[in-house]
Amino acid sequence: MTLPGRSISADGDAGPDELVGRTARSAEWRREAWAAVGVLVSELALPVLTLGLPGDRHSVTGRVLDLWRGAGEPGHLSLRQLVDDPPTLTALAGAAVFVCENPAVVSAAADRLGPTPPADPGDAPSVASRDPH
């Protein structure tokens, strides 16, 4: 890839004979290449899919998280929301947060878990806040 005044090889920091498992066509490589020259591809691209995160009452993003949690629905957060209006996630302190990149698994989890009452921003989520059945 060639940008004005810069040249970036498909293998990142590796030498020309060392391919580090990425190709010039991979999305990860493209994001890294643009980021290397200070270009954010899009603050709305590649949102984070969430399920059951407690929000807060101090930000729009936090209120949206609480609404999604209460409805038992997955929701997408953009980089723009997380940077411009970050939620306070203090209710997650000490709690397990599970990461999954498969939306079908998140959908199945939403079906299984169902709605959750909004969390009290002063309390950490507990196992007792969910009905296991």
Donor-acceptor pairs under 3.5 angstrom involving side-chain atoms of residues 71-83: please list them, not counting sequence neighbours.
from: Ser78; atom 1: OG; to: Arg80; atom 2: N; distance (Å): 3.4
from: Ser78; atom 1: OG; to: Gln81; atom 2: N; distance (Å): 3.1
from: Ser78; atom 1: OG; to: Gln81; atom 2: OE1; distance (Å): 3.4
from: Arg80; atom 1: NH1; to: Glu43; atom 2: OE2; distance (Å): 2.5
from: Gln81; atom 1: OE1; to: Ser78; atom 2: N; distance (Å): 2.7

Residues in side chain to side chain contact (heavy atoms under 4.5 Å, CB included) contact with Leu89, at least two apart in sequence or another chain: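 Listed in chain order: Leu65, Pro87, Leu92.
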
Co-membership, hydrophobic cluster, residues Leu53 and Val60, 4.5 Å side-chain: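 Yes, Leu53 connects to Val60 through the hydrophobic network.
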
Cluster overlap Val97 with Trp68, hydrophobic side-chain contacts below 4.5 Å: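 As far as the 4.5 Å side-chain criterion goes, Trp68 and Val97 are connected within one cluster.
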
Suppose we screen for side chain to side chain donor-acceptor pair (under 3.5 Å). Which residues come up paired with [X], at least two apart in sequence or across chains?
X: Ser107; value: none
X: Arg63; value: none
X: Asp84; value: none
X: Thr50; value: none

Sidechain-backbone polar pair: Asp85 side chain, Ser59 backbone, donor-acceptor under 3.5 Å: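 Here the side-chain-to-backbone pair does not exist.
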
